[in-house]
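Input: a single structure, listed below in C-alpha cells.
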Amino acid sequence: FARPSEVHRTRIGDLVDLKPEPTNPHDPDAIMVLTGTEKRHVGYIGREYTDKVRQWMTDRKISKISVVRKEECDLQILVELVDEEDTSEE
C-alpha cells in the first residue's frame, strides 16, 4: 500500500526509514515506510516481506534503505544490509 500524494513527493535516491506499527487495526505486523526529514508516511512494506524485514530490523542488519524505483502509486526500495564479513574496528 502506498499513499499517492506522498509517493509523488518522493524522489529516487531518497533515504527511507522503517517503523513497525503494532497498533495497525488491519495488520499488527505492519511496517510503515517513512521518507524525508519530517518522516512522511508514504506506505507500508508488502505483507510478503514483513517477516524478513522485521528480522533484519531486530538483528540490526540494515545499513541503508533508499528509493530505487518510483511509479504512479508505488515505490520500490532497496534494503542494504550490514556486511557481516567486515570485521574492521574504528
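As the structure is a prediction and not an experimental result, all values here were calculated from the model.
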Next on the checklist: Let's go through M57 and I31 carefully: what are the C-alpha distance in whole Å and the side-chain angles of both, what is the deciding distance for side chain to side chain contact (heavy atoms under 4.5 Å, CB included) to 0.1 Å, and is it a yes or a no?
Outcome noted: CA-CA 10 Å; M57 292 170 73; I31 300 172; 4.2 Å; yes
Considering all heavy atoms of both residues, which atom of [X] and which atom of [Y] are nearest to each other, and what is their separation?
{"X": "P28", "Y": "R54", "value": "O-NH2, 4.3 Å"}
{"X": "I77", "Y": "V68", "value": "C-CG2, 4.2 Å"}
{"X": "G13", "Y": "S66", "value": "O-CB, 4.2 Å"}
{"X": "L34", "Y": "K19", "value": "CD1-CB, 3.9 Å"}

Item to check | Residue pair T35, L15: steps toward the side chain to side chain contact (heavy atoms under 4.5 Å, CB included) verdict | outcome: CA-CA 6 Å; T35 64; L15 296 180; over 6 Å; no
Side chain of [X], backbone of [Y]: donor and acceptor closer than 3.5 Å?
{"X": "K70", "Y": "H8", "value": "yes"}
{"X": "D59", "Y": "K61", "value": "no"}
{"X": "T10", "Y": "E6", "value": "yes"}

Just wondering, do [Y] and [X] contact through their side chains at under 4.5 Å, heavy atoms?
{"X": "V7", "Y": "D74", "answer": "no"}
{"X": "K39", "Y": "D17", "answer": "yes"}
{"X": "M32", "Y": "L18", "answer": "no"}

Next on the checklist: With side chain to side chain contact (heavy atoms under 4.5 Å, CB included) as the criterion, how do N24 and Y44 come out once you've worked through the C-alpha distance, each side chain's angles and the decisive distance to 0.1 Å?
Outcome noted: CA-CA 11 Å; N24 183 310; Y44 290 92; 3.4 Å; yes
Item to check | Cluster link I45 to L81, ILVMFWY, side chain under 4.5 Å | outcome: yes
Checklist entry - Hey, are R69 and E71 close enough for a salt bridge, meaning a charged N less than 4.0 Å from a carboxylate O? => result yes
Next on the checklist: Strictly below 4.0 Å, N to O, side chains only: are D27 and R47 in salt-bridge contact?
Outcome noted: yes
Checklist entry - Step by step, would you call E80 with I65 a side chain to side chain contact (heavy atoms under 4.5 Å, CB included)? => result CA-CA 6 Å; E80 295 180 42; I65 309 165; over 6 Å; no
Item to check | From CD1 (I12) to CG (L78), nearest 0.5 Å | outcome: 11.5 Å
